[in-house]
Amino acid sequence: MMTKQRQTLQAILLHAFTIGFALVMMYPLLWMVSSSLKDTSEIFVHAHQLLPSTLKLDNYTNGFKGFAGISFAVFFKNSFIVTILSVFGTIISSILTAYGFARIRFRGAAIWFACMMTTMMLPSEVLTIPQYILFQKLGWINTFKPLIIPSFFGGAFFIFLLIQFLRGIPKELDESAKIDGCGLFAILARILLPLLISPIITVAIFKFYWTWDDFFSPLLYLNSPKLATVALALKNFSDPTMQTDWGALFAMSVLSLVPVVLVFAGFQKYLVDGISTTGLKG
C-alpha cells in the first residue's frame, strides 16, 4: 500500500512539475496573445496582467492594414512564395543528393561526403559577404532569388538526415528492382520514395520553420517594402522615430505564428516518426 501511495505521489509531483514548466515556457506566447488584445497604452503599463481590461479586436484589423499603403496580405504572400519554393527545392535536391551518396558508388564519394559535412561547421557569418557579392554580380539583389535558388542545391543537414534513413533500407530491394528492369531513377521513385515519407516530411517541416522565421536574409537582400516577408515586415512595423502601435504589432506577430502552429499540428506524427526512425538507422 505504501509503495502504491508513493508511486501516486511521484506521479502527481511529476505532472505538477511538467505543467508548471510548460506554463513557464508558454508565458511569452500567452503574454503576446494577451498584448494583441490590449490597448497600446495599457500593454506596458499593465505588463504583468495577462487578462486585458477591455478586448480591443481592432488591433488585428489595424495591423492587417500594414504600413506605407502595403497590406500585411502582401507580406504573407511573399513569405509563402519564398517558403514553399524553398521547401520544394530543398526536398528535391536533398533527396537526389542523399540517394547518390547512399546508393551509388562513385570515385571520391568519401571525400565529397566529408566536404559536404564540413559545410555544416562553417558559421553563416563567414558566408555572408561572399554570397552577397556573388548575388550582387548576378543582379539578384532586391529579388526573391537569393532566398529561393540556393535551396535547390540541397542542405547538408537534410542530406545527412536522408542518408541515414536510406542506409537503413535493405539494398536487396534495389537489386530486386534492377532484376525487374528498373533504372536508378525508377528505383528511387518506385521503391525508395514511398519509404521516405516520414523523413521527407521532417525535412519539409524544418525547412518551413527556418525559412518562415528567417529575418536576416530578407533584411540583407530585400530593399523594397513590397517584397518584405512577414518577419521583416514586423520589424519595419515598429518605427523608433514615431509612436508604434504595439497592439497591432503584437496582433500581426500572433498571426505570423498561425502557419507554424498549423504545420506542426498537422504533421506532428510524421515529425516524430522521421526523427526517431532516422536516429535508429545507420
A.B. asks: What is the distance from atom CG of Leu37 to atom OH of Tyr60, rounded to the nearest 0.5 Å?
C.D. replies: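 Answer rounded to 0.5 Å: 5.0 Å.
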
A.B. asks: Would you list the pairs meeting side chain to side chain donor-acceptor pair (under 3.5 Å) in which at least one residue belongs to residues 74-96, sequence neighbours left out?
C.D. replies: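 Not a single pair qualifies under side chain to side chain donor-acceptor pair (under 3.5 Å).
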
A.B. asks: Which class fits the ring pair Trp246 and Phe44: parallel under 30°, tilted 30 to 60°, perpendicular over 60°?
C.D. replies: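 Geometry flag for Phe44 against Trp246: perpendicular rings.
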
A.B. asks: Would you name the heavy atoms of Ala98 and Leu162 that are closest together and state the gap between them?
C.D. replies: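 Smallest interatomic distance, heavy atoms only, reads CB-CB, 3.6 Å.
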
A.B. asks: State yes or no: do Leu196 and Leu184 share one hydrophobic cluster built from I, L, V, M, F, W and Y residues joined by side-chain heavy-atom distances below 4.5 Å, directly or via other members?
C.D. replies: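 Linked within one cluster.
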
A.B. asks: Just wondering, are more than 12 heavy atoms of other shown residues or ligands nearer than 6.0 Å to CG in Leu14?
C.D. replies: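 Count over threshold, so yes.
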
A.B. asks: Run the ring-centre check on Trp112 versus Phe106 and record whether the distance is less than 6.0 Å.
C.D. replies: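 Trp112 vs Phe106: aromatic centres not under 6.0 Å.
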
A.B. asks: Parallel, tilted or perpendicular: which describes the rings of Phe206 and Trp210, with under 30° parallel and over 60° perpendicular?
C.D. replies: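 Judged by the thresholds at 30° and 60°, the geometry between Phe206 and Trp210 is tilted.
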
A.B. asks: Find out if a path of hydrophobic residues (ILVMFWY) with successive side-chain heavy-atom gaps under 4.5 Å connects Phe216 to Leu227.
C.D. replies: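 Looking at the clustering, Leu227 is in the same group as Phe216.
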
A.B. asks: Parallel, tilted or perpendicular: which fits the ring planes of Phe135 and Tyr221, with parallel below 30° and perpendicular above 60°?
C.D. replies: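 Perpendicular: the ring planes of Phe135 and Tyr221 meet at over 60°.
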
A.B. asks: Indicate the ring-plane relationship of Phe76 and Trp212, choosing parallel, tilted or perpendicular according to the 30° and 60° boundaries.
C.D. replies: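 Ring orientation, 0 to 90° scale: tilted.
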
A.B. asks: Grab the two heavy atoms, one from Ile187 and one from Ala177, that are nearest each other, plus how far apart they are.
C.D. replies: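 That would be CG1-CB, 3.8 Å.
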
A.B. asks: Near Leu51 CG, under 6.0 Å, is it more than 12 heavy atoms from other residues, nucleotides or ligands?
C.D. replies: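 Incorrect, the count does not exceed 12.
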
A.B. asks: Would you call the rings of Phe113 and Phe160 parallel, tilted or perpendicular, taking 30° and 60° as the class edges?
C.D. replies: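 Aromatic pair Phe113/Phe160 classed tilted.
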
A.B. asks: Between Phe64 and Leu255, is there a side-chain heavy-atom distance shorter than 4.5 Å?
C.D. replies: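 Counting from C-beta outward, Leu255 and Phe64 do come under 4.5 Å.
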
A.B. asks: Is it the case that one hydrophobic cluster holds both Met26 and Leu257, taking links as side-chain heavy atoms less than 4.5 Å apart, direct or via other members?
C.D. replies: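 Not linked; separate clusters.
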
A.B. asks: Let me know which of Ile70, Thr229, Asn236 forms a side chain to side chain contact (heavy atoms under 4.5 Å, CB included) with Phe75.
C.D. replies: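 The option that passes is Ile70.
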
